[in-house]
There are 2 protein chains.
Amino acid sequence: MGRTPTGQTRTRVLAFVQERLLAGTPPTVREVQQAMGFRSVGTARQHLDALVDTGQLTRTDDSQHRGLRLPGRSTGGPGGRPTGGRGSSRPRLVPLLGRVQAGPLTTALQDIEDHVVVTTRHPPTELFALRVRGDSMAPEILADDVVIVRRQPKAEHGQLVVAMVDDEATIKRLHRRGSGADLRIELRATNPRYAPIAPDPAALVILGLVIELRREFTGA
Amino acid sequence: MGRTPTGQTRTRVLAFVQERLLAGTPPTVREVQQAMGFRSVGTARQHLDALVDTGQLTRTDDSQHRGLRLPGRSTGGPGGRPTGGRGSSRPRLVPLLGRVQAGPLTTALQDIEDHVVVTTRHPPTELFALRVRGDSMAPEILADDVVIVRRQPKAEHGQLVVAMVDDEATIKRLHRRGSGADLRIELRATNPRYAPIAPDPAALVILGLVIELRREFTGA
DNA sequence: CTTGTAACCACACAAATGTGTGGTATAGAG
DNA sequence: CTCTATACCACACATTTGTGTGGTTACAAG
């Protein structure tokens with residue numbers, strides 16, 4: 001059979017494998033063979049070997065099935081390790097809550113609007129996501145943004161918190177001054193059109209800490 | 001040997017598989033077995049079957065090796081059925097590029113710093129992530145934020161674009177005025193301390209559109 | 001007690017898959 | 001022309017892997 005120009009097929013193979021890896025479905029040698037139209041497995045393998053040699057692709061250590069990886073570092077999972085105690089972030093699915101009102105957060109879990117994928121380096125504490133309403137934290141946080149929240153009942157001065165205000169979850173920055181009986185806590189908005197809230201420290205309900213912000217730009 | 005409380009092991013299996021799928025490395029039945037400490041393959045399979053039955057996991061149609069998938073629809077091709085409802089689709093891994101300089105973006109793929117999980121309906125090849133540098137788009141976009149970019153060479157008026165400026169990728173808002181030979185294109189920063197850039201329309205290189213913004217709040 | 005079910009183990013087998021060996025043809029350099 | 005490297009094919013074989021069949025133990029309900 002004829003042969004394609006030098007290096008051209010090589011590039012096509014790399015593109016195909018990269019695409020599959022990014023899609024989360026590492027291809028097999030025979031899948032590469034079929035995608036490229038090769039009539040022999042060895043041909044596909046030869047190209048893959050060459051790509052690995054030049055460092056454009058990587059294989060898992062034990063070189064198992066579907067063992068191709070991207071050369072960037074943390075792409076590979078624990079591989080064959082028994083109990084991989086790696087330090088990199090782990091992706092997790094956390095619920096995106098529609099409305100959070102008064103009552104235990106467990107109740108709000110019935111109201112799951114969707115799930116979002118979060119990679120956090122923190123231990124699997126309780127995480128949830130909220131869709132932001134209102135512009136009280138503009139311009140830092142806008143309406144329709146999604147915030148990832150780590151559940152915890154206490155917060156420090158200056159932290160972004162999700163707190164219950166008027167039976168509804170709100171995002172504010174916590175300011176704490178004084179101590180003991182003289183403790184004064186304020187929930188401040190970034191937007192100057194909103195006045196600070198100074199709740200009774202004993203009655204203040206903090207749902208958690210904002211650890212991440214996500215905003216989608218929809219075309220416009 | 002004794003047995004663990006009802007449903008508990010099930011949850012652990014699901015968590016393990018989800019993690020692996022999000023990492024782009026679908027696990028084998030025997031990998032699940034080892035991770036859970038089962039002494040039999042069948043035990044792992046039984047749990048996986050149960051999870052598929054309850055719809056918490058999916059298998060590829062042909063049920064091949066490493067065929068577990070997340071329940072979100074299309075497995076990798078357009079074969080998935082449109083389960084009406086959410087706008088989000090299957091999570092994918094997108095490369096986070098360290099620095100993007102002049103030259104074809106393919107070259108920048110060598111410089112993959114990490115990977116980011118993104119749920120979008122766009123093909124993954126057309127997506128990449130960038131870590132923001134500088135404060136030219138403050139307060140909307142800050143330094144160290146991560147933006148998800150969809151590759152495309154053209155953009156409309158008012159869109160957030162990633163363009164090549166001085167051999168480096170920059171984020172700006174595109175302003176287009178006039179038409180034909182009188183066409184004038186400006187790249188504007190949000191931060192007033194940065195003057196608008198008015199490149200030659202023919203020489204303007206647009207890498208893509210910013211479709212999402214992510215910001216992590218590190219404790220403070 | 002009997003029945004049912006969830007959790008688990010042991011073993012087997014066909015298909016999928018990575019790898020190895022050897023061969024052919026074309027292009028380009030000398 | 002010879003020589004070499006690239007691109008490709010054909011076939012074989014050991015592992016890996018999904019799946020099937022059957023058995024064991026504990027817990028709860030009737």
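Protein chains get the first letters and strands the later ones, always in sequence-line order, with residue 1 at the start of each. These figures come from a predicted structure and were not determined experimentally. Excluded from the calculations below are hydrogen atoms, water molecules and symmetry mates; all remaining heavy atoms, backbone and side chain alike, are included.
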Cut-off 3.5 Å, no hydrogens considered: what does the side-chain donor-acceptor table look like for residues 201-212 of chain A, sequence neighbours left out?
{"unit_1": "A/Glu212", "atom_1": "OE2", "unit_2": "A/Arg214", "atom_2": "NE", "d": "2.9"}
{"unit_1": "A/Glu212", "atom_1": "OE2", "unit_2": "A/Arg214", "atom_2": "NH2", "d": "3.3"}

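Each of A/Phe38 and B/Val29 was matched to the nucleotide of DNA chain D holding its nearest heavy atom; the match closer to the 5' end belongs to A/Phe38. Remark on DNA chain D: of its neighbouring residues A/Arg30 and A/Gly37, the 5'-side contact belongs to A/Gly37, judged by nearest-heavy-atom nucleotide.
Comparing C/dC9, D/dT17, C/dA7 by their nearest atom to the side chain of B/Arg39 picks out C/dC9. The B/Val41 side chain lies nearest to D/dT19 when the options are C/dC9, C/dA7, D/dT19. Picking from D/dA7, D/dG18, D/dC9 the nucleotide with the shortest atom distance to the side chain of B/Thr28 gives D/dG18.
At a threshold of 4.0 Å, the pair B/Arg20-B/Glu31 counts as salt-bridged, since one of the basic side-chain nitrogens sits closer than that to a carboxylate oxygen. Ion pair A/Arg133/A/Asp145 not flagged as a salt bridge, since none of the NZ, NE, NH1 or NH2 atoms sits closer than 4.0 Å to an Asp/Glu carboxylate oxygen.
Side-chain contact between A/Arg45 and A/Asp49 is present, with at least one heavy-atom pair separated by less than 4.5 Å.
Evaluation of atom-type donor-acceptor distances gives no pair under 3.5 Å for the side chain of B/Thr43 against the base of C/dA7. Side-chain atoms of B/Ser40 and base atoms of C/dA10 include a donor and an acceptor less than 3.5 Å apart.
A straight line from CZ of A/Arg45 to P of D/dC11 spans 19 Å, rounded to a whole angstrom.
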